[in-house]
Structures are given as C-alpha cells and as structure tokens.
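Right, one structure below, let's go through it.
These numbers were taken from a predicted model, which means no experiment stands behind them. Chain letters run A, B, ... following the sequence lines, proteins first and then strands; every chain starts at 1.
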Amino acid sequence: MDNDFINKWKSQVKKGTLSFIVLNAISKKELYGYEVIEIIKKSTDIEVAEGTLYPLMNRLKKEGLTTSKWVEQESGIPRKYYMLTDKGKKDLMRMREYWKQLEKSINKITNNEI
Amino acid sequence: MKFKEIKFEDINAQRVYENYINNIKNVTKQLEKSDRLEVLMEFNSHIYESLQSKKDKSELAALLDSIDKLGSPEKVLKPLIAEKSLEKATKSFNPLEILKALLLNIGNGLSYIVFFLLYLSLGTFLFLIFAKLFNNNVGMYYRDNKFQALGYVKGAEYYEVLGNMFIPTMLMVAIGLYILITSLLKLKKAIVT
C-alpha cells in the first residue's frame, strides 16, 4: 500500500502537535475535557482515540503548564476545567514563535527557494 | 468530589455502561486512590457530556458511539498508568512494585531496560546468599591477592577471603545497590519530568 507511509507520517505529525493544539485551545478560555476534544475535532481533522487526551492532559499538568479544577454541575456529574498556568502561557508563546519559524522554513523548502 | 453513576432507561445501555466503568476500575487498580477517582470521574464526565450532544440517537447507540471514540481503557490509559505506577513505586521503595512499574515502562525508553537489568542483577547477590547456605564452599575467591570470582571455584591456588562475613557482606552490597539504583531512578524521573 503506497498510502501506508503517508498515513504513518500524518499520525506522527498529529501526535507531535497535539499538545501544542491543546494548549492553544485552552489559552482563550478554560475548557472541560469533552470541550477540548470537540474544539480539536472542529478546527483540525485529527482523529485520535479521544481517551488519549486524558493522559496528555495529565502530563501537561505534571509539567506545570496547566492546572485544573472540578466544577459541580446540576446533573451531579462535575466537569473538570483546564487552564494555563503562568508557565504554560510563557511556554505557549515560545512554542508559537518556534512554530512560525518552522512554517517559514517549510515554506522555503516546499517553494524550492533553497 | 464524588463519583456519580449515569442512569440509563435502556437496560442494555446500563449494562454496557457499567461494563465500561468496571473496566476502567480494573485497569486503574494499581494507582493511588485519588488518581483512580480522578480518572474515573474524568471518563464519566466525558461520557455524560458526549451523550448530551447525541440526544437525537437512542441511548444505546449514543453510548456505544461515545465509548468507541474514547477507546478501550487498557489501551488509552496505558501511558498514564505506566507513569503513575513508577511515581508510586519509587516513593515506596518496594522492590516488587518497582519491578512491575519498570516492566510497564520498558516501551518508554532504553534507560528503563537498563534499570530493569540492574534490578535483576541485584538478584545475583541474593542468590549467592542462598547458595552459601546450601554449600559452604561458596565465597569470594582470590588468587595471588587478586579478586577472581564470587561463587565457587575449585583449585588449590584459589582461596576464600570472607569466611563467615560472606552473607553479611553480600547482604550489604545488595541493599546498597538497591538504594543506589532506586535513588538514580528517582533522580532520572526528577530530571526528565
């Protein structure tokens, strides 16, 4: 199958950018888990097993980039909201800068300027 | 914060749901209580919210859809469990827990394989202690004032140097090595994460 390579490559790119996407998503306002997934699905075509988001959220929290809080709901089933910490905001800025640089370099290469 | 079950009108949906919840509980058994509750509540909330957005479907169809997309707990929670169990094991200094946690982490990098092998090498010293109990010839052998072997070597030119101190010495070495490796493992975790 000639698409095998491309599919693998795509899934690697998605995996590699997922934390960047998640951090961007919660940078505008605090979101609960399901919302994060909905936003990712709407704004990208990423199809990850939705459950894998939670280990990722846990890691971001452990790295000190995000915090979370449980908020009671009328249904009795609380939502866990995620938000960026100050460190998370700073790190996201640096990640965005890096992303822009990367974009430029990729554009150069794909336009045969090198 | 407490875990509250979702109630379904459809019995079959209820069964599928309870099955999935039990599955999560089973997979997270080795985590600490607070982590277990956290994971359970988070997945429960996810299921609940996704059901709210699928009101047009039947309960069962919506639930199956939601669970399918979440993925099986065994698979999606694996990285989380590997990480958490190592955290817990290095806190407790419990050798069995550490071995288990290392096994879970073997896929996460070569260094864990090295740690695993180091832990296994600890077993050698413990084995020597047992060997000494059954065969008094086991010992630390020298030849011409140079270390030759741990164990049992035949030949007049070899001589044993530890005597009755063999078992206490092996025990001390094993304990020392154990503390050293576990501390290194802790240090590694502290640097990486």
Region of [X] in contact with chain A, defined by heavy-atom distances below 4.5 Å:
X       : answer
B:Ser72 : neither
B:Gln52 : neither
B:Lys75 : neither
B:Phe43 : side chain

- Salt-bridge criterion met for A:Glu50 and B:Lys69 (N-O under 4.0 Å):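 No salt bridge links A:Glu50 with B:Lys69.
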
- Query: Between A:Glu30 and A:Lys69, is there a side-chain N and carboxylate O pair less than 4.0 Å apart?
  - Reply: yes

- Task: Output, in order, the C-alpha distance, side-chain angles, deciding distance and verdict of side-chain hydrogen bond (donor to acceptor under 3.5 Å, both in side chains) for A:Lys104 and A:Asn107.
- Result: CA-CA 5 Å; A:Lys104 266 188 211 159; A:Asn107 279 340; over 6 Å; no

- Closest-packed option against chain A by number of heavy-atom pairs under 4.5 Å, given B:Glu5, B:Met41, B:Glu42, B:Lys4: B:Glu42

- Message: For chain A, which candidate among B:Lys78, B:Glu49, B:Lys2 shows the most heavy-atom pairs at distances under 4.5 Å?
- Response: B:Glu49

To the nearest 0.5 Å, what is the distance between [atom1] ([X]) and [atom2] ([Y])?
X        : Y        : atom1 : atom2 : answer
B:Phe127 : B:Leu150 : CZ    : CG    : 12.0 Å
B:Arg15  : B:Asp10  : CZ    : CG    : 10.0 Å
B:Leu63  : B:Lys57  : CG    : NZ    : 11.5 Å

- Let me know if A:Ile37 has heavy atoms under 4.5 Å from chain B in its side chain, its backbone, both or neither.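 Only the side chain of A:Ile37 comes within 4.5 Å of chain B.
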
